[in-house]
Q: 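Dropping a structure here in structure tokens format, bear with me for questions.
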Amino acid sequence: MNISSTIKSIQDIMRKDDGVDGDAQRIGQLTWMLFLKVFDQREEEWEDDNSAYQSPIPERFRWRNWAAYKADSEGKKKPQIQGSELTPFINNELFPALKDIDASDSPTQKVIKQVFEDSNNYMKNGSLMLAVIEKLEDAINFHDFKTRAHLGDVYEQLLNDLRGAGNAGEFYTPRAITQFMVERINPNLAKRETVMDPACGTGGFLTAAIDHFRHQLSDKSSADDKRAIEQLIHGIEKKQLPHLLCTTNMLLHGIDVPSQIDHSNTLGRPWNDWRADEKVACLITNPPFGGYEDDGVGIDYPSDLKTRETADMFMALIIKKLLKDDGGRGAVVLPDGTMFGDGIKGKLKELLLRECNLHTVIRLPKGVFAPYTTIKTNLLFFTKGKPTETIWFYEHPYPAGYKSYSKTKPIDYREFKAEQDWWGNEENGFAERVESENAWKIDFKTKKLEAEAAAKPHWDKAEQLNNQAAALDNQSKDLKSSLTGVTDAVQRKQVDEQILVLREQADTLRLAARDAQTAGDRLYWPIYNLDIKNPNAAADEIHDPDVLLQKYKELLGQIEDTQNQLKGELAAALAHHFSTEAEA
């Protein structure tokens, strides 16, 4: 039986156990067992290389000493623990011991502790668990090169199964996307460029980066080059299941001690605790979007960037704290809502385009992340250190005959051949790029200059009016101070009346300032709507309800602007009419 069939048969066994509920729990159960099995076989290799090797796992709890089937006097393989004793042993002895390992003793012990500190044994039936162990023993020999190579592919398919496992689907990014984004960012092994995913999920971007680094190795590569890969990979994952899946994924991809995969909340770390020497050359991620952090998380973010929405918080952190200031390269998956969103999303896009060169946006069609979500997404590629001048967009089409993607018909890496051929070179400003039915560009620098020029008179007027209001406030304060020690009621009343008049005048000025500021903002902020439709595409009849709803919202906005303009013109005309009558 091949490995893929073994994994499926193991999941079938687990379905019979009353304690395991759903794909996410089945995968979590299988993964911690697979971790211990593979780790034990890796330890056998380390023992061969170093006779003084000491396991970080207490002897009694190593896979070989409780799970591995042993041959009896007749050569027949049998379990070391009977089914009736197995579940109590795992729940009451194995898990407590592994959770209690001192993480400070070594990086390997840190890995094991983090893997097990929030893991669970869901299986209740010891006999069924023995059946699972027997399948793992028979099928997985990590010493065999073919098995080792194939196991990574099987594990990838296992992770793909998460797409339909409720919320667990958020932790998996299709391999075609991870491979394409890593390839475009192109981390360089010779330059020792660090790669980080601050929301690494099951480790898709990191395994793609490992493969990308290894393709840069040759017969002339040094042992240092091979060892460096492990140190160049950095991942952080908040939740237990994806962290467990990611750590095992690293082990299967040849990262012997995946201590660079941290089990913590990236967003929960205080804003000012991020050090400059932690900034990375390459950051590639698919941050969770649509979710919100708990109260208290992010309270120390800068006031203009404060939000609890996860994707927004990650973008602020990436731009300001995680990416190297001079030439750090980023690639991020973001939903359409971020592209056209205003408010804090507009502020974040202003920050991104001011501090980074957002040179490319790949617009993906619906269904790439189905069935977990059908929301349309975008791949943003940017380099920190220079403001954005030109943004190129590329609309990724469905393959011929497709109307959507699905779990059984996912996006394929080969579909990105057109983008790869079109991409060009950032060093010459992507001079090779040409517009086509799928590719177009906007001159953001000119767009920004024009918007600022149009908005400036309104903003200047708002500032002037606010300054006048502030001057009146100061007069009011001076008048109020002048009453100190004054007991004459008439005099106090006169001053209070003057203060009241001044405050009313200041309020009127502030209202006018707010209107002027709004008028300027209305001219400026729309430039940060990056939900830009393909101007080169043939006009199609649109039936997508999300697109129709957005068009409806835009139309309502246009109607409101027109109404406000008409009201203003009518008010001005009436004011002129009444002033003429008064003069007459």
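The figures here come from the full heavy-atom set of this structure, side chains too, leaving out hydrogens, waters and symmetry mates.
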Q: Tell me every residue that passes salt bridge (Lys or Arg N to Asp or Glu O under 4.0 Å) with D294, counting only those two or more places apart in sequence or in another chain.
A: none
Q: Tell me if a side-chain donor or acceptor on N120 pairs with a main-chain N or O of Y122 at a distance below 3.5 Å.
A: no
Q: Does either side chain, that of Q114 or that of T247, offer a donor lying less than 3.5 Å from an acceptor on the other one?
A: no
Q: Any donor-acceptor pair under 3.5 Å linking the side-chain atoms of N65 with those of R60?
A: no
Q: Evaluate the ring planes of F430 and H359, with Trp represented by its six-membered ring, and classify them as parallel (under 30°), tilted (30 to 60°) or perpendicular (over 60°).
A: tilted
Q: Tell me if a side-chain donor or acceptor on Q231 pairs with a main-chain N or O of R192 at a distance below 3.5 Å.
A: no
Q: If you count every heavy atom of other residues, nucleotides or ligands that lies below 6.0 Å from K306 atom NZ, does the total exceed 12?
A: yes
Q: To check you understand the geometry: which heavy-atom pair defines the closest contact between I13 and A131, and what is its length?
A: CD1-CB, 3.9 Å
Q: Under 3.5 Å, is there a donor on one side chain and an acceptor on the other for E183 and Y413?
A: yes
Q: About how many Å separate SG of C282 and CD1 of I233, when rounded to the nearest 0.5 Å?
A: 9.5 Å
Q: Could you measure the distance from the OG1 atom of T383 to the CG atom of N357? Nearest 0.5 Å is fine.
A: 6.0 Å
Q: Salt bridge (charged side-chain N to carboxylate O under 4.0 Å, His left out) with K110: which of D105, D102, D262?
A: D262
Q: Once rounded to the nearest 0.5 Å, what's the spacing between atom NE2 of H234 and atom SG of C200?
A: 12.0 Å
Q: Is the closest basic N to carboxylate O distance between D118 and K239 below 4.0 Å?
A: no
Q: Consider only side-chain N and O atoms of N186 and H212, and report whether a donor and an acceptor are under 3.5 Å apart.
A: yes
Q: In plain terms, say whether R64 and D40 are close enough for a salt bridge, that is, a side-chain N and a carboxylate O under 4.0 Å apart.
A: yes
Q: Measure from the side-chain N and O atoms of S221 to the backbone N and O of S218, and report whether any donor-acceptor pair falls under 3.5 Å.
A: yes
Q: Just by modelled atom types, is the D21 backbone N or O under 3.5 Å from a matching donor or acceptor in the Q25 side chain?
A: yes
Q: Where do A209 and V182 come nearest, in terms of heavy atoms and distance?
A: CA-CG1, 3.8 Å
Q: Do you know the tightest heavy-atom contact between E309 and T307?
A: N-OG1, 3.1 Å
Q: With side chains defined as the heavy atoms from C-beta onward, is the minimum distance between M123 and I90 less than 4.5 Å?
A: no
Q: Between E193 and N188 (side chain of the first, backbone of the second, donor and acceptor by atom type, cut-off under 3.5 Å), is there such a pair?
A: yes
Q: Where does the angle between the aromatic ring planes of W422 and Y394 fall among parallel (under 30°), tilted (30 to 60°) and perpendicular (over 60°)?
A: tilted
Q: Would you call E137 and K37 a salt bridge, using N to O less than 4.0 angstrom?
A: yes
Q: Distance-only, no hydrogens or angles: does the D100 side chain make a donor-acceptor pair with backbone N or O of P96 under 3.5 Å?
A: no
Q: Mark yes or no for whether Y69, through its side chain, and I133, through its backbone, hold a donor-acceptor pair below 3.5 Å.
A: no
Q: Where the side chain of K279 meets the backbone of W274, is there a donor-acceptor pair that is under 3.5 Å apart?
A: no
Q: Between D421 and K417, is there a salt bridge with N-O shorter than 4.0 Å?
A: yes
Q: Between the side chain of N378 and the main-chain N/O of V361, is any donor-acceptor distance below 3.5 Å?
A: no
Q: Between E355 and K320 (salt bridge meaning N to carboxylate O under 4.0 Å), is one present in this structure?
A: yes
Q: Counting only N and O atoms by type, is there a donor-acceptor contact under 3.5 Å from the side chain of E230 to the main-chain atoms of G254?
A: no
Q: Looking only at non-hydrogen atoms, find the nearest pair between A67 and Q80 and report the distance.
A: N-NE2, 4.2 Å
Q: Is the F416 ring parallel, tilted or perpendicular to the F180 ring (thresholds 30°, 60°)?
A: parallel
Q: Report the relative orientation of the aromatic rings in F289 and F369; use parallel for angles under 30°, tilted for 30 to 60°, perpendicular for over 60°.
A: perpendicular
Q: Do the non-hydrogen side-chain atoms of V132 and I10 ever get within less than 4.5 Å of each other?
A: yes
Q: Can you name the closest pair of heavy atoms from M129 and Q29 and give their distance?
A: CE-NE2, 3.4 Å
Q: Strictly by modelled atom types, are T310 and E293 linked by a side-chain donor-acceptor pair under 3.5 Å?
A: no
Q: Verify whether the ring centers belonging to F39 and W46 lie closer than 6.0 Å.
A: yes
Q: Between E419 and H396, which heavy-atom pair has the shortest distance, and what is it?
A: OE2-ND1, 2.6 Å
Q: Can E47 and R62 be counted as an ion pair, charged N to O under 4.0 angstrom?
A: yes
